[in-house]
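Reading through the structure tokens given below for one structure.
Letters go in sequence order (proteins before strands), and every chain restarts at 1.
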Amino acid sequence: MVYHTQNKKSLLQVLSMSLCLSVLLLTGCASTTGSIVSKDDPYEEVNRSIFEFNRDLDDHITGPVSTAYDFITPDFVQAGIGNFFNNLKDINVVLNDLMQGKLLQAGEDTGRFLLNTTVGLAGIFDVATEVGLEKHDEDFAQTLAVWGVPKGPYLVLPILGSSTTRGIPGYIFDTATNPATYIPVPIRALEMLNLRAQSEGALNVIEEGALDPYLFTRESFLQSRQHKITDGESELEDDLDIDALLDDESTDVNQENQLNLGNSGEFKQASDTLNSTESSLEKTSQSFDELSDRIDELEYKEFKNKRR
Amino acid sequence: MLTEFKNKFFFAIIAFFLSVNFANVQAESQTAKQVVETFQAELLAVMQQGKELGFQGRYKKLDTAIAKSHDLTKIARIVIGREWAKLNEAQQQELVDVFTRLSIAAYAYNFKEFSGESFKFEAEEETTRGGVIVHTYLLIPDDKDVKFDYMLKKKGESWRIINIIANGVSDLALKRSEYTSILKADGFDALITKISEKIDNYAKQ
């Protein structure tokens, strides 16, 4: 047990140190661009390009495939497929319960997994929820947050969508602990397709309601993650200072100060090397823009051909 | 005879004032919890008759329900933050107007049908800054409950909703980041145009 804690501690230290470093270095690099709106999103430009790319991909490929899938797959089949993959994820949930010290919840989630795998026929039926064992939402990025690792800048990943720098090791760990990863057939494509079909409603809300879908997605993602990390005990107080919100003069200055931290003192050296990272990020951004344009062009040609 | 009439008249007046005062007291004494629950009940009623009412019908009913439970002027102000002070009075009024229409239209569009949903009150808490948070759940049959936290502030003597937080996602914070960014990047007229487009889209479908 002692060994375990020590081991956990050192792992924690290494992880948080490397993450802190990357976060600081990256923010340092970002502060050189000088066009920062949100402290959570120093790479807004690149992120927006990837966001647009993802949207184009969804408009022309994922979306239509998902619509077709939704059309031929009855709701109960979709629910079953969703349950099957969720059940496999419960192994990861138990591991993260333990790593966050939620022993009781770990016990409940182990019970969930065993019950659904047996009585629920390999997880196709979520019988555990029926008997009062609610599904918990835990992942490695949440565990890292509980351990004190800062979330780092907001990132939009190609195909995978919204994340933060903390989400990347989180994603790698979660993928590694998911048995579906080790099935030689690309079965997780089905998982993503099923998930996409079931998210149709939420995606429509964004498309129809948001003045700026990118900002809407970013803000709701960041807030929703915070809600999960704190298990719903988010600091509502922040929102409550209405009088301060009415004439907020301080926030932007604070944000700028925070962002400028990376450029001072010992991090100055790193900023040179990171300038090149920045330009490569810009190139990435451009190539995503180009890809987006190309997809649009293809769509236009198709449209023209059809009219002929 | 005359005195009797006078007396009757006098009592009638007293009764009238009493009743008016009584009604006022009733309206004043509606607690934050009651404001939220009245609004939720009205929303559910609109959902139940959603199809018969149509968009315009739902909009009309929600217009009154929202007006007496939300402080949309304050919400609009918070949403654009310190940009508010940079607008002239006509612009401020225009913003509040389109913002109000957008809020009602969004409700009318998103809450158009009923499939057994209900609201459950959980708790009420006072905040340090004189507000109240009413914690409730939206119960959806065969689906996970959605946590709805309403944040209320006093407007004069009555409580008004100024923010709704659904599963930890604050409506005010979402709108704030969108609106301030559009205002800064594209200016006031672009913001109004965008909001108007959204209202038209909601009304069309």
Side-chain angles (χ1 to χ4, degrees), chain A residues 35 37-38 40-41 44 48 75-76 79 126 129-130 134-137 154 198 201-202 204-252, chain B residues 71 74-75 77-85 102 105-106 109-110 125-133 135 142 144-145 147 149 151 153 162-186 190-191 193-195 197-198 201-202 204-205:
Chain A
S35 61
V37 185
S38 163
D40 288 325
D41 191 7
E44 188 171 329
R48 272 191 191 269
D75 282 353
F76 76 92
D126 183 6
T129 302
E130 303 290 327
E134 288 263 334
K135 169 107 187 146
H136 292 114
D137 195 347
Y154 175 71
Q198 291 184 318
N204 284 344
V205 168
I206 298 176
E207 285 303 319
E208 284 151 5
L211 295 188
D212 182 340
Y214 172 79
L215 288 180
F216 190 98
T217 310
R218 181 185 82 197
E219 291 305 309
S220 45
F221 171 79
L222 291 175
Q223 285 189 44
S224 167
R225 288 299 297 176
Q226 184 58 26
H227 181 74
K228 283 178 183 166
I229 288 160
T230 56
D231 295 320
E233 304 295 319
S234 299
E235 300 109 30
L236 288 176
E237 285 292 329
D238 276 357
D239 278 310
L240 275 179
D241 197 353
I242 300 302
D243 304 320
L245 282 175
L246 283 174
D247 47 30
D248 80 300
E249 293 293 328
S250 54
T251 38
D252 286 7
Chain B
D71 188 348
K74 194 167 220 167
I75 297 175
R77 258 188 88 167
I78 299 169
V79 156
I80 62 160
R82 58 172 154 170
E83 302 290 314
W84 176 266
L102 178 69
Y109 176 78
N110 288 313
E125 84 179 272
E126 275 184 36
T127 68
T128 43
R129 292 189 181 85
V132 165
I133 304 174
H135 300 278
D142 298 322
K144 268 197 161 183
D145 300 346
K147 196 169 197 293
D149 298 318
M151 203 174 289
K153 278 263 179 178
I162 51 159
N163 192 13
I164 303 173
I165 302 145
N167 272 351
V169 179
S170 151
D171 182 51
L172 208 55
L174 271 188
K175 293 215 170 87
R176 196 173 152 84
S177 68
E178 278 189 299
Y179 285 50
T180 47
S181 128
I182 293 171
L183 260 180
K184 276 181 193 160
D186 309 317
L191 177 67
T193 316
K194 277 198 173 172
I195 300 177
E197 274 169 18
K198 288 287 161 190
N201 279 345
Y202 279 141
K204 258 185 237 160
Q205 285 155 359

Proximity breakdown for [X] and chain A, heavy-atom pairs closer than 4.5 Å:
X: B:Ile195; answer: both
X: B:Lys144; answer: side chain
X: B:Leu174; answer: both
X: B:Lys194; answer: both

Query raised in the report: Is there a side-chain contact between A:Gln226 and B:Val169, using heavy atoms and a 4.5 Å cut-off?
Result: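 The answer is no, as the side chains (C-beta and beyond) never meet within the 4.5 Å cut-off.
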Query raised in the report: In terms of ring plane angle, is the pair A:Phe221 and A:Tyr154 parallel, tilted or perpendicular, where the classes change at 30° and 60°?
Result: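 Tilted, since the angle between the ring planes falls between 30° and 60°.
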Report task. Can you tell which part of A:Ala79 gets under 4.5 Å to a heavy atom of chain B, answering side chain, backbone, both or neither? Result ->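 Neither the backbone nor the side chain of A:Ala79 comes within 4.5 Å of chain B.
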Report task. Select one option (side chain, backbone, both, neither) describing which atoms of A:Glu130 are under 4.5 Å from chain B's heavy atoms. Result ->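 Nothing of A:Glu130, per the 4.5 Å heavy-atom cut-off to chain B.
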Query raised in the report: Which of these, B:Asn163, B:Ile165, B:Ile164, sits in a side chain to side chain contact (heavy atoms under 4.5 Å, CB included) with B:Leu172?
Result: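 For B:Leu172, the side chain to side chain contact (heavy atoms under 4.5 Å, CB included) check succeeds only for B:Asn163.
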Query raised in the report: Under 3.5 Å, is there a donor-acceptor pair between the side chain of B:Lys198 and the main chain of A:Ala210?
Result: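 Yes; judged by distance alone, with no hydrogens or angles, the pair exists.
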Query raised in the report: What residues, two or more places apart in sequence or in another chain, satisfy side chain to side chain donor-acceptor pair (under 3.5 Å) together with B:Lys147?
Result: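 Expected list: B:His135, B:Asp149.
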